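Predicted model, so just to flag it, every value in this text is computed and none were measured. In what follows, every heavy atom counts, from backbone to side chain, and hydrogens, waters and symmetry copies are set aside. Just so it is clear: chains get the letters A, B, ... in the order the sequence lines come, proteins before strands, and each one is counted from 1.
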Protein chains: 2
Amino acid sequence: MLHQKPAHDQTAMPDYAPHSHPHPSARDLIAAHGGRVTRTRIAVIETLQAAQHPLSHDEIGAALAAADIAHDRVTLYRALDWLVEQGIAQRIAGGERAWRFEIRHDGAHRHAHFHCDRCGQILCLEEVPTETSPALPAGFELDRTELVLHGACADCGRQGAKAGTR
Amino acid sequence: MLHQKPAHDQTAMPDYAPHSHPHPSARDLIAAHGGRVTRTRIAVIETLQAAQHPLSHDEIGAALAAADIAHDRVTLYRALDWLVEQGIAQRIAGGERAWRFEIRHDGAHRHAHFHCDRCGQILCLEEVPTETSPALPAGFELDRTELVLHGACADCGRQGAKAGTR
DNA sequence: ATTCAAATGCTACAATGTTGCATCAAAAGC
DNA sequence: GCTTTTGATGCAACATTGTAGCATTTGAAT
């Protein structure tokens, strides 16, 4: 697993915490979808916007804690559910049987992900577009395509650890 | 979720149970990797070989039960772990935070998967090859690519259910 | 300030997967 | 065929991830 994070450290600022926001305002995003503007939702959106890679529920929770924001697991799950439902965020099935979340980009900005099978890290490959129009059996409707490259990231590759496909 | 299966029915033969085996013998496969040839491993391999789509741990367990083979959850997990470790099978991260397993094909036979976001079913798209050589950042090693198409399968699409991205 | 549905924060639970350890059995040696 | 030995199994207990129900709080409309 990939838990080098300082657990519930209230002072340290994780590297995926918001630095600047060249994104649509979280408040506006929420309001535009007819939802209530709450601390939790704002913080979640800003955290996702600032992230350089898809975040796990756990990582987002840590960011909220760092921002001194309510920290109930269920609330966070529901906030994320709502964002996904509204199309603001999207789930991607990172290994480790836990969802990861990222801001949903419009069609043009879709990108692939790289999954390091050694450290479990997932990162966005902005340069690699996801394939678009493959032939599907009759009756199937395509919503979106997800392209995941599996292998070893630069850090893990250098350390040359032996590893399974896991 | 997708649990229409008859739980622990000892008589019914699920549609993914072995019918014929145009595949390498399970015994040989196991022995070739230096493992012990046990009922569990044989049955798991044969089940996977006969399957038309990647199977969840649960589905494999049901197949074992149908074949009157020991049914301990942990044993099955470990058998699957071993197969993956040996490169005989591979895990794919079907949504629903549960792994799915399929026999690992060699390079030429790689295929994409379709994930129905409504019923959770996953099926193999033999005709759709996975993309192969995208540009990766320096230091990254590519092991395999996974292409998942999300949408509604023929059954769900016809029923026209409204559904989230989930 | 009042109202009221939408969000929250409990608690309790479900599903999926893992660890430790005693027991069993596959295949190797005799 | 019998014994040995180590890998595989089975069980119980636990960890992690995610859900459900319900009382309470709060955003924002009046």
Between [options], which nucleotide gets closest to the side-chain atoms of [X]?
X: Arg73(A); options: dT9(D), dA8(D), dT17(D); answer: dT17(D)
X: Arg97(B); options: dA8(D), dG10(D), dG18(D); answer: dG18(D)
X: Val37(A); options: dA28(D), dT11(C), dG17(C); answer: dA28(D)
X: Thr38(A); options: dA12(D), dG27(D), dG17(C); answer: dG27(D)

Exercise for the section: Measure the distance from CG on Leu76(A) to P on dT8(C) and round it to the nearest whole Å. Expected result: 10 Å
Problem - Between P of dG18(D) and CG of Leu80(A), the distance in whole Å - result: 10 Å
Handout entry: Flag for His115(B)-His113(B): side-chain donor and acceptor within less than 3.5 Å
Key =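 Per modelled atom types, His113(B) and His115(B) side chains form no pair under 3.5 Å.
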Practice task
Look at the side chain of Arg78(A) and the base of dG9(C), then say whether one donor and one acceptor between them are separated by less than 3.5 Å.
Solution key: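 Side chain to base: pair found, below 3.5 Å.
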Handout entry: Quiz item: Arg36(B) side-chain donor-acceptor pair to dG7(D) base, under 3.5 Å
Key = yes
Exercise for the section: Return the orientation label for the His33(B) and Trp82(B) ring planes: parallel under 30°, perpendicular over 60°, tilted otherwise. Expected result: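 Rings of His33(B) and Trp82(B): perpendicular, as their planes differ by over 60°.
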Exercise for the section: Please work out whether the ring planes of Tyr77(A) and His57(A) are parallel, tilted or perpendicular, with thresholds of 30° and 60°. Expected result: parallel
Handout entry: Pi-cation contact, Trp99(B) with Arg97(A) (under 6.0 Å, within 45°)
Key =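 Arg97(A) over Trp99(B) ring: no.
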Handout entry: Upstream residue (5' side of DNA chain C) when Val74(B) and Arg39(B) are each assigned their closest nucleotide
Key =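 Closest to the 5' end, via its nearest nucleotide, is Val74(B).
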